[in-house]
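All values reported here derive from a predicted model rather than from experimental measurement. Start at 1 with the first residue, then count along the sequence.
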Amino acid sequence: MIKVYELGHSRAGDKGNTSNVSVIAYDAAGWDVLRRELTVERVMQAYRHVAAGPVTRYELPRMRALNFVIENALGGGVTISLAMDAHGKTLSYIMQDIALPDQSSHTGR
């Protein structure tokens with residue numbers, strides 16, 4: 001198993017009740033693993049405790065990036081949620097901790 005943080009870094013943001021989390025690969029080998037293994041299903045499973053979904057994945061191959069739009073993820077939105085830290089920016093840590101099967105010879109960063 002390999003963690004997403006070993007293959008790339010993340011950026012996140014929020015708008016209303018939707019979180020936007022991207023993963024940008026460090027290199028081509030990491031991009032191959034992320035593109036193959038970081039699925040909508042894996043992301044929804046990781047966010048199941050904070051999001052009802054759905055999750056939409058967008059590929060940006062020239063940037064070696066994946067962008068995930070996670071709906072119903074912020075308890076109704078930052079301004080109305082009772083959660084201590086409902087901001088979408090902190091949700092990138094969940095993405096970084098997802099474990100992926102590693103069938104490549106990638107050694108991480």
Side-chain angles (χ1 to χ4, degrees):
M1 298 298 268
I2 190 166
K3 296 279 186 140
V4 169
Y5 70 81
E6 297 176 74
L7 303 172
H9 61 95
S10 290
R11 297 284 297 168
D14 58 90
K15 192 61 74 181
N17 199 29
T18 302
S19 182
N20 180 58
V21 184
S22 60
V23 179
I24 303 96
Y26 295 130
D27 56 34
W31 167 242
D32 290 340
V33 175
L34 289 169
R35 190 172 184 204
R36 182 179 62 248
E37 301 296 342
L38 192 56
T39 64
V40 166
E41 295 78 18
R42 277 205 172 91
V43 170
M44 190 62 235
Q45 179 67 21
Y47 285 85
R48 71 188 179 284
H49 65 290
V50 294
V55 174
T56 305
R57 179 178 119 157
Y58 298 94
E59 291 187 16
L60 296 100
R62 293 177 73 183
M63 295 179 65
R64 294 185 184 145
L66 297 173
N67 185 48
F68 293 89
V69 176
I70 306 165
E71 296 180 47
N72 301 301
L74 302 171
V78 173
T79 58
I80 63 172
S81 174
L82 298 177
M84 288 296 290
D85 190 4
H87 291 78
K89 291 170 181 40
T90 62
L91 295 181
S92 64
Y93 295 113
I94 297 170
M95 184 74 73
Q96 289 285 290
D97 199 44
I98 296 174
L100 305 172
D102 180 25
Q103 294 120 11
S104 74
S105 59
H106 193 276
T107 58
R109 191 169 159 93

Rounded to the nearest 0.5 Å, what's the gap from [atom1] on [X] to [atom2] on [Y]? Could you check?
X     : Y     : atom1 : atom2 : value
Met95 : Lys3  : CE    : NZ    : 13.5 Å
Phe68 : Ser19 : CZ    : OG    : 12.0 Å
Ile24 : Arg64 : CD1   : CZ    : 12.5 Å
Asp14 : Ile70 : CG    : CD1   : 11.5 Å

(message) Listing request: all salt bridge (charged side-chain N to carboxylate O under 4.0 Å, His left out) pairs with a residue in residues 39-49, at least two apart in sequence or in separate chains.
(response)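 Qualifying pairs: Glu37-Arg42.
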
Nearest heavy-atom pair of [X] and [Y]: which atoms, and what distance?
X     : Y     : value
Val4  : Leu34 : CG1-CD2, 4.2 Å
Gln96 : Ser10 : NE2-OG, 2.7 Å
Ser92 : Val21 : CA-CG1, 4.0 Å

(request) Spell out, yes or no, whether Val33 and Tyr58 are grouped together once hydrophobic residues are joined by side-chain heavy atoms under 4.5 Å, including indirect joins. (result)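 In one cluster with Val33: Tyr58, no.
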
(message) Quick one: does any side-chain atom of Arg57 pair with a main-chain N or O of Leu38 as donor and acceptor, under 3.5 Å?
(response)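 A pair under 3.5 Å: yes.
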
(request) State whether the side chain of Tyr47 and the backbone N or O of Leu91 hold a donor-acceptor pair below 3.5 Å, judged by distance alone. (result)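 It does hold such a pair.
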
(message) Is the shortest side-chain heavy-atom distance between Val43 and Ile94 below 4.5 Å?
(response)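 With C-beta onward as the side chain, the pair stays apart.
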
(message) A side-chain contact here means heavy atoms from C-beta on lying under 4.5 Å apart; do Leu7 and Trp31 qualify?
(response)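 The answer is no; the side chains never approach within 4.5 Å.
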
(request) Just jot down the side-chain hydrogen bond (donor to acceptor under 3.5 Å, both in side chains) partners of Ser22, sequence neighbours excluded, or say none. (result)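 In terms of side-chain hydrogen bond (donor to acceptor under 3.5 Å, both in side chains), with neighbours along the sequence ignored, Ser22 is linked to no residue.
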
(message) If hydrophobic residues (ILVMFWY) are linked whenever their side-chain heavy atoms come closer than 4.5 Å, directly or via other members, who joins Leu60 in its cluster?
(response)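 Its cluster mates, by chain and number, are Met63.
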
With sequence neighbours excluded, what pairs up with [X] under the salt bridge (charged side-chain N to carboxylate O under 4.0 Å, His left out) test?
X     : answer
Lys15 : none
Arg35 : Glu59
Asp32 : none

(message) Suppose we screen for side chain to side chain contact (heavy atoms under 4.5 Å, CB included). Which residues come up paired with Ala52, at least two apart in sequence or across chains?
(response)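 Side chain to side chain contact (heavy atoms under 4.5 Å, CB included) check on Ala52 returns Asn72.
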
